[in-house]
Each structure stands twice: as structure tokens, then as C-alpha cells.
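Just below is one structure, and these are the notes that go with it.
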Amino acid sequence: MSTIEIIVIAIVEAMDCFAVAISTGLCKSGIKRSRAVLQAVSFGVFQGGMTLLGYFLGSFAERWFNAVGTPIACAILCILGARMIWGAIRGGEATASCAYLSLMNILLLSIATSIDAFAVGISFAFLNANMVFATSAIAIASFVMGVLGFEIGRHASKRFKTKIPEIIAGIILIAIGVKMFI
């Protein structure tokens with residue numbers, strides 16, 4: 001497997017992180033940058049870790065993980081998206097929790113976005129890929145896309161003085177979850 005192919009795969013793997021980070025940034029412009037960086041680091045660690053896990057477990061766990069992992073990831077993203085939409089419509093406490101970006105939300109989003117990295121790791125096992133480079137590339141791309149996505153979402157949310165960015169953020173998360181399921 002060539003270096004270019006691995007870099008392209010890393011960028012494609014990081015696109016879910018990018019979309020989720022945009023929705024996080026859209027959710028509230030008041031989220032601290034340290035939380036956004038923590039989210040990006042978590043994205044990188046989970047994407048790289050799931051790639052390695054897939055590589056080591058190979059096809060043994062493929063059937064089980066595809067049957068169980070995808071619906072779980074879909075449910076996580078849809079629930080978090082619905083909470084964002086409900087918080088925007090209702091206001092109050094749900095909106096305040098969105099502005100905080102809790103550690104639990106960061107972990108759930110990281111797990112949900114890294115499910116497909118497991119399948120990529122399985123394919124790397126059969127393609128004899130350089131796993132040190134592949135894992136590093138995926139982790140770095142996910143981190144960078146997480147930071148960029150958050151900044152884009154944060155700047156976009158500052159332009160709106162309504163609840164529309166939060167609703168859009170929730171819709172994005174639900175759309176990613178449904179896309180994963182389909």
C-alpha cells in the first residue's frame with residue numbers, strides 16, 4: 001500500500017471527526033478551546049486505536065463488530081443530535097450543558113466516529129500496510145480535522161444570534177448516524 005493511498009484513507013477517516021467538530025463548534029461559541037482540543041485529541045486517539053484494534057483482531061471480529069458496532073454508533077450520534085436540537089428549542093439547562101462539552105460527550109462522539117476505523121484496520125491487515133505510518137496518519141488527520149472543524153463551527157456560530165446553529169449541529173450528528181447505519 002502506497003504512502004499516498006494511506007494519506008487519502010487517513011483524510012477520509014477524519015471527515016466524520018471534521019463534521020462532528022463543526023457541529024460541536026456550532027453548538028455554542030462559548031465552549032473553551034481546551035475542551036475542543038481535548039475532543040480533537042480524543043478523536044485522534046480513538047481513530048488510531050480502533051485502526052490498530054481492527055488490524056490485530058482481523059476478520060475474527062469483523063462480523064460481530066459490523067453487526068453490533070454500527071447500530072450503536074448510529075444510536076449514540078442520533079441521541080446526542082436530538083439532545084442538541086431539544087436543547088436549542090427548549091433552552092435552559094440543555095443549552096448550558098452543550099456549551100460545556102462534557103468528557104462523556106467527548107468520549108461518546110470519539111467512539112461513534114471511530115467505528116469505521118476498525119474496519120479500515122481489518123483491511124490493512126490483508127493489505128500488508130505499514131501500520132506505524134497508517135495509524136499515525138489517521139490519528140494526526142483526525143486531530144487536525146477535529147481542530148479545524150471546531151474552529152469553523154465556532155466562527156459560524158458567532159455570526160448567528162439565534163438557535164439555528166445548535167439545531168443544524170444536531171441535524172448534522174443525526175445525519176452522520178443515519179449515514180453510518182445505511
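By convention here, the first residue in the shown sequence is residue 1. Keep in mind that the numbers below use all heavy atoms, side chains included, and drop hydrogens, waters and symmetry copies.
- When all heavy atoms are compared, the tightest approach of Gly48 to Ile138 is N-CG2, 4.3 Å.
- A continuous path of Ile, Leu, Val, Met, Phe, Trp and Tyr side chains, each step under 4.5 Å between heavy atoms, connects Met104 with Phe43, placing both in one hydrophobic cluster.
- From Ile140, atom CD1 reaches atom CD1 of Ile7 across 10.0 Å, with rounding to the nearest 0.5 Å.
- Within the 4.5 Å cutoff, the side chain of Met145 has heavy atoms near those of the Ile11 side chain.
- In the hydrophobic cluster analysis, where Ile, Leu, Val, Met, Phe, Trp and Tyr join through side-chain heavy atoms closer than 4.5 angstrom, Ile111 is grouped apart from Ile79.
- The OG atom of Ser102 sits 8.0 Å away from the CG atom of Leu108 when rounded to the nearest 0.5 Å.
- When the side chains of ILVMFWY residues are joined at heavy-atom separations under 4.5 Å, either directly or via intervening members, Ile122 and Val12 end up in two distinct hydrophobic clusters.
- Closest heavy-atom contact between Gly146 and Ala21: O-CB, 3.1 Å.
- Nearest heavy-atom pair, Ser110 versus Ser42, reported as atom, atom and distance to 0.1 Å: OG-OG, 2.5 Å.
- Between Gln47 atom CD and Ile115 atom CD1 the span is 9.5 Å, to the nearest 0.5 Å.
- For the pair Leu26/Ile172, a side-chain contact is recorded, criterion being any heavy-atom separation below 4.5 Å from C-beta on.
- Contact check for Val37 versus Phe150: no side-chain heavy atoms found under the 4.5 Å cut-off.
- Between Thr3 and Phe133 the shortest side-chain heavy-atom distance falls below 4.5 Å.
- Side-chain contact check for Ile152 versus Phe18: some heavy-atom pair is nearer than 4.5 Å.
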Discussion item. Thr135 vs Phe124, test: side chain to side chain contact (heavy atoms under 4.5 Å, CB included). Steps then yes/no.
Written reply: CA-CA 10 Å; Thr135 303; Phe124 282 166; over 6 Å; no
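- Counting only heavy atoms from C-beta outward, the side chains of Tyr55 and Thr51 never approach each other to under 4.5 Å.
- Side-chain contact between Arg35 and Ile106 is present, with heavy atoms from C-beta onward closer than 4.5 Å.
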Worksheet item: Can you list the steps and then say if Leu38 with Leu103 is a side chain to side chain contact (heavy atoms under 4.5 Å, CB included)?
Response: CA-CA 9 Å; Leu38 179 63; Leu103 184 59; 4.0 Å; yes
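- Side-chain atoms of Ile85 and Ile174, non-hydrogen and from C-beta on, do get closer than 4.5 Å to each other.
- Rounded to the nearest 0.5 angstrom, Met15 CE and Asp116 CG are separated by 12.0 Å.
- Follow the hydrophobic side-chain contacts under 4.5 Å out from Phe56 and you reach Met131 in the same cluster.
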